Amino acid sequence: MTDNGSAETTRRRGLAKMAEVYGTEFQDYAGSHFAVTADHLFADIWSRTALSIRDRRLLLLGALTAQGAIDTAGIQIGAALRNDELTEEQLHEIAVFLCHYVGWPNGTKLDLLVGKIVAQQQKAARAEHDDRTE
């Protein structure tokens with residue numbers, strides 16, 4: 001008996017959760033790094049029910065900011081905005097709050113990144129709207 005069915009099911013669950021978390025579809029990739037990401041992190045960890053995706057995203061934003069991984073935090077900011085989990089105002093408030101716990105430089109970098117990502121998403125939305133109305 002093989003576990004191909006369960007491994008395939010786990011991968012599908014992981015890819016579906018990744019799409020839900022990031023608000024965009026993901027394709028399957030080969031390799032052990034992607035397998036751990038999709039099959040364990042998303043199919044198992046992000047799928048647990050004790051915390052919402054928003055709760056997990058807030059924790060991740062704090063952890064990434066504390067580590068100075070501001071570029072990676074940008075992925076979470078974009079996803080939070082796309083999924084309507086956090087508003088621009090809330091994201092700026094998170095940055096101010098984190099300044100006091102993880103250091104002013106990292107919190108300030110996060111705040112600046114929030115502004116940059118919001119502007120990028122607004123520009124993309126305007127361009128999409130203009131394309132539809134032409």
Side-chain angles (χ1 to χ4, degrees):
M1 182 173 166
T2 66
D3 69 346
N4 286 344
S6 65
E8 290 171 15
T9 300
T10 299
R11 180 60 55 93
R12 281 194 303 273
R13 252 190 17 252
L15 290 170
K17 183 56 76 171
M18 289 172 76
E20 181 183 357
V21 167
Y22 291 108
T24 188
E25 293 302 313
F26 283 84
Q27 67 183 45
D28 199 354
Y29 289 99
S32 60
H33 184 269
F34 188 78
V36 171
T37 301
D39 302 347
H40 176 67
L41 180 59
F42 285 94
D44 293 335
I45 303 302
W46 276 85
S47 296
R48 295 168 62 97
T49 59
L51 296 173
S52 69
I53 290 174
R54 183 181 186 273
D55 294 339
R56 293 175 197 283
R57 192 166 329 275
L58 288 167
L59 290 166
L60 188 48
L61 280 168
L64 291 169
T65 304
Q67 295 174 41
I70 305 303
D71 290 344
T72 305
I75 296 167
Q76 301 305 319
I77 292 166
L81 290 166
R82 271 191 307 281
N83 292 341
D84 293 323
E85 295 164 353
L86 296 166
T87 65
E88 177 183 5
E89 180 182 9
Q90 289 169 325
L91 287 162
H92 284 296
E93 187 65 25
I94 289 166
V96 169
F97 181 79
L98 288 174
C99 279
H100 294 84
Y101 288 94
V102 303
W104 207 264
N106 285 342
T108 300
K109 288 175 190 173
L110 183 70
D111 189 61
L112 293 170
L113 186 58
V114 167
K116 179 180 175 183
I117 291 171
V118 166
Q120 288 171 343
Q121 287 193 358
Q122 289 172 341
K123 182 179 178 181
R126 282 192 305 273
E128 184 178 321
H129 176 265
D130 291 348
D131 287 347
R132 282 183 292 174
T133 58
E134 287 181 353

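From a predicted model like this one, the values you see are computed outputs, not experimental measurements.
- Under a hydrophobic clustering in which Ile, Leu, Val, Met, Phe, Trp and Tyr are joined whenever their side-chain heavy atoms come within less than 4.5 Å, directly or via other members, Phe26 and Tyr29 fall into the same cluster.
- Checked against ring pair (Phe, Tyr, Trp, His ring centres under 6.0 Å), His129 has no partners two or more places apart in sequence or in another chain.
- Put simply, CZ on Arg12 and CG on Leu15 are 9.5 Å apart, with the number rounded to the nearest 0.5 Å.
- Legend: residues meeting side-chain hydrogen bond (donor to acceptor under 3.5 Å, both in side chains) with Asp111, ordered by chain and number and at least two apart, are His92.
- For residues 61-85, the set of pairs meeting the salt bridge (charged side-chain N to carboxylate O under 4.0 Å, His left out) definition, not counting sequence neighbours, comprises Arg57-Glu85.
- In this structure, the side chains of Gln120 and Ile117 come closer than 4.5 Å at one or more pairs of heavy atoms.
- By the side-chain hydrogen bond (donor to acceptor under 3.5 Å, both in side chains) test, Glu20 pairs with Lys17, sequence neighbours left out.
- A distance of 14.0 Å separates CG in Leu98 from NZ in Lys109, rounded to the nearest 0.5 Å.
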Show which side-chain atoms of residues 58-66 pair as donor or acceptor with protein atoms under 3.5 Å away, not counting sequence neighbours.
unit_1: Thr65; atom_1: OG1; unit_2: Leu61; atom_2: O; d: 2.7

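- Gln90 contributes atom CD, which lies 5.0 Å from atom CZ of Arg54 (distance to the nearest 0.5 angstrom).
- Remark: the backbone N or O of Val114 is not paired with any side-chain donor or acceptor of Glu88 at under 3.5 angstrom.
- Taking CG of Leu81 as the reference point, atom CD of Gln76 lies at 11.5 Å (rounded to 0.5 Å).
- Taking CD1 of Ile77 as the reference point, atom NZ of Lys116 lies at 10.5 Å (rounded to 0.5 Å).
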Please table the atom pairs, donor to acceptor, closer than 3.5 Å between any side-chain atom in residues 35-51 and protein atoms at least two apart or in another chain.
unit_1: Thr37; atom_1: OG1; unit_2: His33; atom_2: O; d: 2.9
unit_1: Asp39; atom_1: OD1; unit_2: Arg11; atom_2: NE; d: 2.6
unit_1: Asp39; atom_1: OD1; unit_2: Arg11; atom_2: NH2; d: 3.4
unit_1: Asp39; atom_1: OD2; unit_2: Arg11; atom_2: NH2; d: 3.0
unit_1: Asp44; atom_1: OD1; unit_2: Arg13; atom_2: NH2; d: 3.3
unit_1: Ser47; atom_1: OG; unit_2: Phe42; atom_2: O; d: 2.8
unit_1: Ser47; atom_1: OG; unit_2: Ala43; atom_2: O; d: 3.2

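- The minimum heavy-atom distance linking Ala79 with Val21 is given by the pair CB-O, 3.6 Å.
- Minimum interatomic distance between Ile75 and Tyr22 (heavy atoms only, all atoms of both residues): CG2-CE2, 3.5 Å.
- In this structure, the side chain of Asp131 does not engage the main chain of Glu128 through any donor-acceptor pair within 3.5 Å.
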